[in-house]
Amino acid sequence: MNDESHGIFRRQPMKSLICALSAYAVSCLVIASMELLRVVLTGVPFSEWLISLKGRSFFTITPLFALCLLFLWCVAGRLSAAALLLGGFSFFLLFVHLKKMEILEQPLVAGDFTQIREALGVSEAVFAGHWLLILGALAIAGLAVSLLVFLLRRPPLLPLKKPFRLAYALVFAAALLVEIHHPWLNAVFAAQKVSTVGWNLNLNLNRNGLLLSLILDAREVVWRPADYSREAVERAMNGQLPLMQDALRALSGPMSPGEKPDILLILGEAFWDVTQLPNVHFSRDPLPRFHQFQKDAAFQHGQMLSPSFAGQTGNAEFEVLTGIPLAVLPPAATPYSNYVRRPLETIAAYLKAFGYTTQAIHNYFGFYYRREAIYPWMGIDHFTTLDELEPRTIPGTPPAGANLREIRHLSRDNHDFDALYDGAFPSDEPLMLKAAEVLDASGVSEAGARAPQFIFAITVTSHGRYLGQRFPQPDVTVSGDHLSEGTRHELENYANTLYRADKALGWLMDRLRERKRPTVVAFFGDHLPSLTAEAWAESGLVWDELEINKHSTPAFLWSSRPLPNDALPAGAPLGASYLGVRLLRAAGIPLTGWFAALDAFEKSAPALSHGRIRDGAGQWFRGDGSDDPREGAREAQEALRCRDELFLLTYDRLFGRAYSMVPGGLSDDDYRPGSFIEKEGPFWKRGGAPSGKTPHGLQAQMVQETQPAQSGRKADGPR
């Protein structure tokens, strides 16, 4: 090799370093410009954006962006052309995000890229008649292509030899694959305190930025099963698919009022028996009514295996209502935020086929977890939230003194309303009063009989965290030899939230005992409280090896009529996906279709969650392919088969043709969300159907298939 060649190769590392620094600088510029433009165009207050923006997120995404830029630079040979390609694509994503926000008021998520055909259907509605927008987009695209051709023809400012470019391209491509797919990236995100804010996508967007939000979402995308087909779904449904239509028609006919009980499903926010903490002493029982229920033969108590810990209420709620286990979805998934984009069969939707009226009541804001938008898709006719609840206390009970106070709020819709707060969050008392009134209200079906009611109540009083000053006059005080002052204060706050929640729950159960109409109640805690690590350690609770007790929450069933002896299993926790089946059985509702299939799955895999499975023999194993001796057992293999079939059915219900919901599956028109926009029009501008109305597509087809011909009802969707 001559001296000139040696000189060229000696200069390559310096040029490479300059290009790498330039790529990082360009990455910072592009990302900052995108975020500023997004904030300006979407009307987010600049001060609000600065408060929610996390600098760690910015410095986490820029190296990933720079790696992409360097890879394109190696392929194109020019950094300017690579910057144009990647920057142009990034701003195209921003444009798509802005259009989605305009139509649905929902940010762009990675799951949208798995539905290209649906996106094309949406684009027809977006661009129809907007010729200036179309011409402008074509002009910008033409200008970008022309500029790219011009840059590729010009000599590069920092030329690199092809051997270096090829080697760098391979290195950068490998680094990108490792960055995006390797589990260690989770550790990087954890070290930088970067996480998805699943309960509020707009806050997640402001905190992480558009590009990092998409990367976080991309790690939660559910891919199509290799064997997905109608035949595979039918096999997984344990023979239920051919029986769905006839069975539902037979079961949904008119019945006398006494045959169908009212059904109440209650989610207890962070409800957990705090008296289990070994190093903590309480001045009085923080759960006196709940412990009284445990001694009452009319109640059946058990434990539920929640998919959540210390948060993510929406995930536990989703699993109970739909029967879809979170274990078959990505570990960080938030289905309400990322996956529910069309009508979905739930307990509520199933009960509607039996003539039930359905509603949800929540003593907090309805936009959390997109509940306002997606509840109509889940068969819930009406959703009552904090601004509709009167700030009333339970009659005949002593007031809570300084703890209970009325607060004047300004809602997001810019109207004032009063709310009753119990500590840091709204009191459960107005919610329980409202639930009792709804149950007592007269509801008449088209056949003239009183319609049975299904109510889903979501409490909030005992919500964490518990660090601030919440109760000036505590009902329960806490002590312990090993407790620091901070831990004592934290546990005292939590104990008092439970005491207040327990009081409201006890009043409602007393009220229900007085009813003449048959009533069935299912109650469950959604997750353990969000205590600090110091509080858990000082309180003396030790997690078991598989962390089962970390996800075990109390649950009970009660009925005004005698319950079956095995209505709720005692001992090991029941998977949250099966609690709805247990509730339907306790209410005497026959099981068919999806819920009959779930009933069968429970026998082989009664508890299913990430990193833990309980098989039909009652044994726990990891189920992750690790060297677990239990995985070779016949019962464990059967549990794994159930998990695989549940994954197939989950894909079918959330993303596929819905063979497991609609006999024959969805038609092409109903399969494309774009057709929902054309059929239903303006409600998509709020991200979901208005109260009392559901899209004409899947949900209407479900109801049409389940109504008996002699009922005389219109088959145009739930009301």
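Everything numeric in this text was worked out from a predicted model, so none of it was measured.
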| request: Measure from NZ or CZ of R342 to the centre of the six-membered ring of W377, then state whether that distance is under 6.0 Å and the direction lies within 45° of the axis. | output: no
| Tell me, do E234 and Y659 make a side-chain contact under 4.5 Å, heavy atoms counted? | no
| request: Nearest 0.5 Å please: distance from the OG atom of S660 over to the CG atom of L649. | output: 5.5 Å
| said: With a 4.5 Å cut-off on side-chain heavy atoms, are I361 and L389 touching? | reply: yes
| query | Ion pair present between E388 and K434, side-chain N to carboxylate O less than 4.0 angstrom? | reply | no
| task | Answer yes or no: is there a donor N or O on one side and an acceptor on the other, between the side chain of S560 and the main chain of T519, under 3.5 Å? | result | yes
| said: Can you list everything that forms a ring-ring contact (aromatic ring centres under 6.0 Å, His included) with F425? Sequence neighbours excluded, please. | reply: Y364, H463
| field | Separation between CZ of F290 and CG of L498, rounded to the nearest 0.5 Å | value | 10.0 Å
| field | salt bridge (Lys or Arg N to Asp or Glu O under 4.0 Å) contacts in which one or both residues fall within residues 584-594, not counting sequence neighbours | value | R585-D599
| query | Backbone N or O of D428 within a donor-acceptor pair of the T461 side chain at under 3.5 Å? | reply | yes
| query | Any side-chain heavy atom of M304 sitting closer than 4.5 Å to one from S552? | reply | no
| query | Quick one: are Q453 and I263 in side-chain contact, heavy atoms under 4.5 Å? | reply | no
| query | In chain order, what residues pass the side chain to side chain donor-acceptor pair (under 3.5 Å) check against T384, with sequence neighbours excluded? | reply | H382
| remark: So the side-chain hydrogen bond (donor to acceptor under 3.5 Å, both in side chains) pairs with at least one residue in residues 573-582 (sequence neighbours excluded) are R582-E602
| message | Restricting to ring-ring contact (aromatic ring centres under 6.0 Å, His included), what partner residues turn up for F556, sequence neighbours left out? | response | F293, F299, H301, F523
| query | Do you know which two heavy atoms are closest between G593 and M237, and how far apart they sit? | reply | C-CE, 3.5 Å
| field | Residue pair I458 / F456, side-chain heavy-atom distance below 4.5 Å | value | yes
| field | R392: partners by salt bridge (Lys or Arg N to Asp or Glu O under 4.0 Å), with sequence neighbours left out | value | E390, E437
| query | Taking only residues two or more places apart in sequence or in another chain, which ones pass side chain to side chain donor-acceptor pair (under 3.5 Å) with T459? | reply | none
| query | For L321, does its backbone N or O pair with a side-chain atom of T346 as donor and acceptor, under 3.5 Å? | reply | no
| S530: what forms a side chain to side chain donor-acceptor pair (under 3.5 Å) with it, not counting sequence neighbours? | none
| message | Just to verify, what does W272 make a ring-ring contact (aromatic ring centres under 6.0 Å, His included) with, not counting sequence neighbours? | response | W536
| message | According to side chain to side chain donor-acceptor pair (under 3.5 Å), who are the partners of Q300, at least two apart in sequence or on a separate chain? | response | none
| Does a donor on one side chain sit under 3.5 Å from an acceptor on the other, for E269 and T313? | yes
| query | Is it true that a side-chain atom of S308 and a backbone atom of Q312 form a donor plus acceptor pair closer than 3.5 Å? | reply | yes
| field | Donor-acceptor under 3.5 Å (H362 side chain, T385 main chain) | value | no
| field | Sidechain N-carboxylate O distance under 4.0 Å for D262, R517 | value | yes
| request: Please report the C-alpha distance between V320 and L265 in whole Å, then the side-chain angles of each, then the deciding distance to 0.1 Å, and finally whether the side chain to side chain contact (heavy atoms under 4.5 Å, CB included) criterion is met. | output: CA-CA 10 Å; V320 171; L265 176 63; 4.0 Å; yes
| field | With sequence neighbours excluded, residues passing salt bridge (Lys or Arg N to Asp or Glu O under 4.0 Å) with D422 | value | R500
| said: Is it the case that the side chain of Y356 and the backbone of Y350 share a donor-acceptor pair, with hydrogens and angles ignored and the cut-off at 3.5 Å? | reply: no
| said: So E345 and T322, do their side chains get closer than 4.5 Å, heavy atoms only? | reply: no
| Just by distance, with hydrogens left out, do Y336 and E317 show a side-chain donor and acceptor under 3.5 Å apart? | yes
| query | Is the backbone N or O of G506 less than 3.5 Å from a side-chain atom of R511, with the two atoms forming a donor-acceptor pair by type? | reply | no
| query | Which is it for L512 and L439 under the side chain to side chain contact (heavy atoms under 4.5 Å, CB included) test, yes or no, and what are the steps along the way? | reply | CA-CA 9 Å; L512 296 180; L439 286 173; 3.5 Å; yes
| query | Taking the side chain from N315 and the backbone from P307, do they hold a donor-acceptor pair closer than 3.5 Å? | reply | no
| remark: Looking only at heavy atoms, the pair that brings F647 and V328 closest together is CD1-O, 3.5 Å
| Checking side chain to side chain contact (heavy atoms under 4.5 Å, CB included) for the pair Y368/R371: CA distance, chi angles, key distance, verdict? | CA-CA 6 Å; Y368 283 101; R371 288 186 178 104; 4.0 Å; yes
| said: Any heavy-atom pair between the side chains of L583 and F524 that's under 4.5 Å? | reply: no
| task | Would you please name every residue forming a side-chain contact (heavy atoms from CB on, under 4.5 Å) with A327, sequence neighbours left out? | result | L608
| said: Evaluate W558 against R513 for side chain to side chain contact (heavy atoms under 4.5 Å, CB included), listing each step before the verdict. | reply: CA-CA 10 Å; W558 173 87; R513 288 173 182 268; 3.9 Å; yes
| request: Measure the shortest side-chain to side-chain distance between F417 and L386 over non-hydrogen atoms and say whether it is less than 4.5 angstrom. | output: yes
| task | Look at the side chain of R653 and the backbone N and O of L344, then say whether any donor-acceptor pair between them is shorter than 3.5 Å. | result | no
| said: By the definition side chain to side chain contact (heavy atoms under 4.5 Å, CB included), identify the one residue from L591, V520, L579 that meets it with L584. | reply: L591
| said: When you measure from the side chain of D526 to the backbone of L267, do you find a donor-acceptor pair of N or O atoms at a distance under 3.5 Å? | reply: no
